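Remarks on the structure that follows.
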There are 2 protein chains.
Amino acid sequence: MPDDDRKRQILDAALELADERGLAAVTMRALAQKLGVTAMALYPHIGDKDGLLDGLVDRMLAELLPAVATHGTPEQRLLAIGRAARALARRHPSAYPLLLSRPAVTPDAVRLVDALYAALLDLGVPAGEVPRVERLLSTFTLGYATSEANGRFSAGAINRAQFPEDQVPAHRELSEVLERAPDWDAEYEADLADLMLMVRTRWSENDGWLKLQALPE
Amino acid sequence: MPDDDRKRQILDAALELADERGLAAVTMRALAQKLGVTAMALYPHIGDKDGLLDGLVDRMLAELLPAVATHGTPEQRLLAIGRAARALARRHPSAYPLLLSRPAVTPDAVRLVDALYAALLDLGVPAGEVPRVERLLSTFTLGYATSEANGRFSAGAINRAQFPEDQVPAHRELSEVLERAPDWDAEYEADLADLMLMVRTRWSENDGWLKLQALPE
DNA sequence: ACCTGAACACCGTTCAAGT
DNA sequence: ACCTGAACACCGTTCAAGT
């Protein structure tokens, strides 16, 4: 398939363009120019603009797939994928949010989800709950890196000062903590640890001592 | 401030346009036409296109703010906000993803975060961990509704069939479960319950019986 | 089979001009 | 103070034409 090589070449260039100048800079015209060709020459290979963005999702998932391991404990395997997902987001901050907004239906995507399913099953999560827990974990992972990439987490400091303190009592109580600049690497690790704890206490190690309470209405 | 009324009017129309025809249909020209005015007439009120989108974020947060309650247990208060966030996403599926990609710095945004901080403090989460846990919970909530709105969760069924089963063993093992169409309302409730359990077991009710294990490298 | 060039129907935004 | 109309520099995409 010589056309697939050309498609890969185009997607590589598109991802590079997104990394260097942002997702908004990935236009058919700019991408074509980068490849020394006309915008219209891209269409036979990638479909339309939407197809190009779907291609970027596939391209990133392919980059994530090597993080799938067969050795190690199920917990280690989940963590490896979680960490690799954030490393991917660091390499491609502009393109990464596409993963949250576009369904991935390629073989690579299914393989990745299959690895997560397998690890959750090995951890003792009942079959009926596995897809839900996979969605919970992947949603958090994709959402976290997207928030980081878009600066959603860095907004607090700007605005805290210009606000009447008596209207935000909890902010006042946390003022010392909020002064400190967070270590995002450490925070992500702590989040993964909490989520692993959740899975473990909920299903793996509950020798009858844990009763899940009904939620209040 | 008569100009603030006009701004609110413009934002209401923009949100309506997004609800009816998608976020891509919210162009300066289309919005102006809906208001019976020229595109250029919008600029003094909302800044530029970016200011318009920031305004939509504020508009949605204002709609979410009434979910903040002072009565009830801290857990009930967290759940009320989590449920209201998803109800908001149902009303505004196209605009909702903006919450994940744009920092919110309005007074309403700070008030909302303050309510979450207060509930977590009341639950017994140590001050040093409160901002992190708030980010974990809000990231999940925003990411989940964004995934739902964009159809990320509905992709599996399409592709499962056309895949060689021996390459995805966990999918095969889960085939019965994966046949069933998920109840998204129930799934979201179960996710909230698991996250509440995580917070409770991690901090509120750990009378020394829970030792957080170090994560494997 | 693969690429080009001109054209079409859109964008956001600037700017001078109107009232 | 608020709005308009024309214009500019862009978009994605169609289509006939080239080789």
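Each chain gets a letter, A, B and so on, in the order the sequences are listed, and its residues count up from 1. None of these values were measured; they are calculated from a predicted model. Note: hydrogens, waters and symmetry copies are ignored here, and every other heavy atom, side chains too, is used.
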Problem - All stems with DNA chain D, defined as three or more consecutive Watson-Crick or G-U pairs under 3.5 Å - result: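 Stems (3+ consecutive pairs) listed as C:4-8 with D:12-16, C:12-16 with D:4-8.
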
Please report the distance, rounded to the nearest Å, between [atom1] in [X] and [atom2] in [N].
X       : N      : atom1 : atom2 : answer
A/Met28 : C/dC3  : CE    : P     : 13 Å
A/Leu17 : D/dC11 : CG    : C1'   : 15 Å
A/Arg29 : D/dT13 : CZ    : P     : 11 Å
A/Gln9  : C/dC2  : CD    : P     : 13 Å

Practice task
Tell me which nucleotide among D/dG12, C/dT13, D/dC3 gets nearest to the side chain of A/Thr27.
Solution key: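 Side chain of A/Thr27 sits closest to D/dG12.
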
Please enumerate all residues that pass side chain to side chain contact (heavy atoms under 4.5 Å, CB included) together with [X], with sequence neighbours excluded.
X        : result
B/Ala85  : B/Leu64, B/Tyr96, B/Thr141
A/Asp54  : A/Arg102
B/Asn150 : A/Ser101, B/Pro97, B/Thr146

Exercise for the section: For residues A/Leu195 and A/Leu136, determine if any side-chain heavy atom of one lies less than 4.5 Å from a side-chain heavy atom of the other. Expected result: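 They are in side-chain contact.
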
Practice task
For residues B/Arg132 and A/Asp191, determine if any side-chain heavy atom of one lies less than 4.5 Å from a side-chain heavy atom of the other.
Solution key: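 Yes, at least one pair of side-chain atoms sits under 4.5 Å.
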
Provide a list of protein-nucleic acid N or O atom pairs under 3.5 angstrom, restricted to nucleotides 4-6 of chain D.
{"from": "D/dT4", "atom 1": "OP2", "to": "B/Thr38", "atom 2": "N", "distance (Å)": "2.7"}
{"from": "D/dT4", "atom 1": "OP2", "to": "B/Thr38", "atom 2": "OG1", "distance (Å)": "2.5"}
{"from": "D/dT4", "atom 1": "O5'", "to": "B/Thr38", "atom 2": "OG1", "distance (Å)": "3.0"}

Problem - Residue pairs fulfilling ring-ring contact (aromatic ring centres under 6.0 Å, His included) with at least one residue in residues 176-195 of chain B, sequence neighbours excluded - result: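 Of all non-adjacent pairs touching residues 176-195 of chain B, those that pass ring-ring contact (aromatic ring centres under 6.0 Å, His included) are B/Tyr144-B/Tyr188, B/Phe153-B/Trp184.
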
